[in-house]
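Here the structure comes first, spelled out in structure tokens, and everything after it is commentary.
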Amino acid sequence: MGPAIPEPRAVWRGVVETFRERLGLPADAPAVTLLEGNTPLIPAPSIAARIGADVHLKFEGMNPTGSFKDRGMCVAVSGALAAGSKALVCASTGNTSASAAAYAARAGLRCGVVIPDGQIALGKLAQALIHGATVIPIDGNFDDALGIVRGLAARGDATLVNSVNPLRIEGQKTVAFEIIEQLGGRAPDIHCLPVGNAGNITAAWLGYTEATELYGIDARPRMWGAQAAGAAPIVRGERVERPQTIATAIRIGNPASWQGAVDARDASGGTIEAVTDAEILAAYRLLASTEGVFCEPASAAGVALLLKKAEAGEVPAGAVVVATLTGHGLKDPDRVVQEIELPDSASADLEVVAARLGL
Ligand code: F0G
């Protein structure tokens with residue numbers, strides 16, 4: 001007899017089955033799942049040493065389609081199936097469409113996607129198409145696209161799976177439950193994350209609020225939201241008609257969950273501030289080069305804000321900080337190619353290679 005095969009370390013059943021009691025789904029809703037969730041909370045020792053706090057990265061880029069959207073999409077699509085829907089629609093800056101397309105394929109539903117033409121990172125567009133969504137690029141921005149799909153859903157033609165669908169928020173709130181478990185039964189002191197359409201900050205705050213009851217903990221984090229300086233309606237207190245930023249995922253001028261974000265900020269004693277594209281890219285590079293974690297530019301916005309506030313002396317010494325990294329770096333190949341230098345080719349010769357490597 002050979003050695004015994006070990007039992008699996010843990011069986012993860014995905015967001016719907018793990019948190020079913022708390023998601024507001026009908027009891028008989030099927031679980032449409034790609035085993036999303038259970039993403040790693042990665043310590044960030046280099047950033048921690050730099051700012052004198054205890055910093056962790058909740059790497060949502062490890063979800064099946066490479067972003068946090070899967071956490072809410074599985075719940076929204078399970079709900080759509082339970083309601084007898086045959087088609088999904090969404091507007092997107094990219095990740096929502098990738099996630100909706102994947103879960104629609106899984107569930108056997110049609111998926112229609114409306115995007116701002118030329119403003120979607122290539123990896124995300126490729127995902128939506130390979131999963132079989134019908135993608136319509138429009139000569140407008142995300143906010144225009146959201147208006148169109150809201151209209152389609154209102155006509156009863158399809159289920160809207162943007163985060164204005166409450167089941168998306170229900171699913172996304174589970175990130176807070178996982179963080180508390182991964183920190184050994186406590187909430188962080190500060191939670192940093194990027195803010196675009198503002199569903200995610202709304203959802204994370206809802207999760208922390210429910211967790212105080214679920215886990216009997218009494219402290220919730222301060223929510224620190226980061227908007228890109230050229231697309232910062234909540235910071236400025238007014239719509240931005242022509243939002244601009246290299247962080248295309250959060251290029252949004254009129255967030256649907258604006259009020260939810262303001263409530264999360266105010267109830268948590270937190271803040272929503274702007275970071276420049278240069279600050280976002282500096283954080284993006286720092287995460288990749290010192291922590292070994294490659295996220296997409298928008299995902300680095302929360303860390304950019306953390307670094308900025310640390311510089312200003314606003315991060316208490318030893319604070320437990322969690323930053324959500326919302327999407328994987330491979331989503332946006334064009335951006336990374338602009339940030340690096342592609343190497344010249346060398347002859348296939350050991351000495352030449354050794355010299356180039358300085359070995
Ligand atoms: N980070 C990434 C990578 C995103 O894709 C998004 C939103 C956000 C942050 C902001 O989250 O909208 O809940 O405040 N992407 C949406 C999309 C808009 O269509 O993929 P939010």
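First listed ligand is number 1; within each ligand, the first listed atom is number 1. What you are looking at is a predicted structure, and each value in this text was computed from that prediction instead of being measured.
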(request) State the atoms of ligand 1, each with its element, that fall below the 4.0 Å cut-off from a heavy-atom position in Ser92. (result) 17 (C), 19 (O), 20 (O)
(request) Return yes if some donor-acceptor pair links the side-chain N/O of Asn165 with the main-chain N/O of Leu160 below 3.5 Å, else return no. (result) yes
(message) Quick test: of every protein heavy atom, which one is nearest to atom 13 (O) of ligand 1, and how far off is it to 0.1 Å?
(response) Asn200 N, 2.8 Å
(message) Just by distance, no angles: are the side chains of Asp334 and Gln338 close enough, under 3.5 Å, to form a donor-acceptor pair?
(response) no
(message) Can you see whether Thr93 engages Arg251 through a side-chain donor-acceptor pair at a distance of less than 3.5 angstrom?
(response) no
(message) Which of the numbered atoms in ligand 1 are under 4.0 angstrom from any heavy atom belonging to Ile252?
(response) 18 (C)
(message) Between Asn200 and Gln172, is the side chain to side chain donor-acceptor pair (under 3.5 Å) condition met? List the steps.
(response) CA-CA 7 Å; Asn200 209 29; Gln172 282 171 215; 3.1 Å; yes
(request) Decide whether Glu60 and Thr39 meet the rule of one side-chain donor and one side-chain acceptor closer than 3.5 Å. (result) yes
(message) I'd like to know if the side chain of Trp12 reaches the main chain of Glu36, judged simply by a donor and an acceptor atom lying under 3.5 Å from each other, with no hydrogens or angles considered.
(response) yes
(message) Please check: side-chain N/O of Lys173 versus main-chain N/O of Arg22, any donor-acceptor pairing under 3.5 Å?
(response) yes
(request) Could you label the plane-to-plane angle of the Phe294 and Tyr284 rings as parallel, tilted or perpendicular, counting under 30° as parallel and over 60° as perpendicular? (result) tilted
(request) Can you sort out which atoms of ligand 1 are near Thr96, meaning under 4.0 Å from one of its heavy atoms? (result) 16 (C), 17 (C), 19 (O), 20 (O)
(request) May I ask whether Lys124 has any heavy atom positioned less than 4.0 angstrom from an atom of ligand 1? (result) no
(message) Test your reading of the structure: does Ala198 have an N or O sitting under 3.5 Å from an N or O of ligand 1?
(response) yes
(request) Run the numbers for me: atoms of ligand 1, each under 4.0 Å from some heavy atom of Gly199, listed by number. (result) 13 (O), 14 (O), 21 (P)
(message) Looking at non-hydrogen atoms alone, which of Ile250, Val195, Asn95, Thr93 comes nearest to atom 3 (C) of ligand 1?
(response) Asn95
(request) Ignoring angles and geometry beyond distance, decide whether Gly196 reaches within less than 3.5 Å of ligand 1 through its nitrogen or oxygen atoms. (result) yes
(request) Please report which non-hydrogen protein atom sits nearest to atom 2 (C) of ligand 1, along with the residue it belongs to and the distance in Å to one decimal place. (result) Thr326 OG1, 3.3 Å
(message) Using modelled atom types and a 3.5 Å cut-off, is there a donor and acceptor pairing between side-chain atoms of Asp189 and backbone atoms of Val320?
(response) yes
(message) Give the atom numbers and elements of ligand 1 that come within less than 4.0 Å of a heavy atom of Ala249.
(response) 2 (C), 3 (C), 4 (C), 5 (O), 6 (C), 7 (C), 15 (N), 18 (C)
(request) Please identify which atoms of ligand 1 are closer than 4.0 Å to at least one heavy atom of Glu296. (result) 3 (C)
(message) What protein heavy atom lies closest to atom 12 (O) of ligand 1? Include the residue and the distance to one decimal.
(response) Asn197 N, 2.7 Å
(request) Provide, to 0.1 Å, the distance between atom 7 (C) of ligand 1 and the closest protein heavy atom, together with that atom's residue and name. (result) Lys69 NZ, 2.9 Å
(request) List the closest protein heavy-atom neighbour of atom 11 (O) of ligand 1: residue, atom name, distance to the nearest 0.1 Å. (result) Phe68 CZ, 3.5 Å
(message) Can a donor-acceptor pair be found, under 3.5 Å and without considering hydrogens, that links the side chain of Arg220 to the backbone of Ala267?
(response) no
(message) Looking at ligand 1, is there an atom of it that comes within less than 4.0 Å of some heavy atom belonging to Ser67?
(response) no
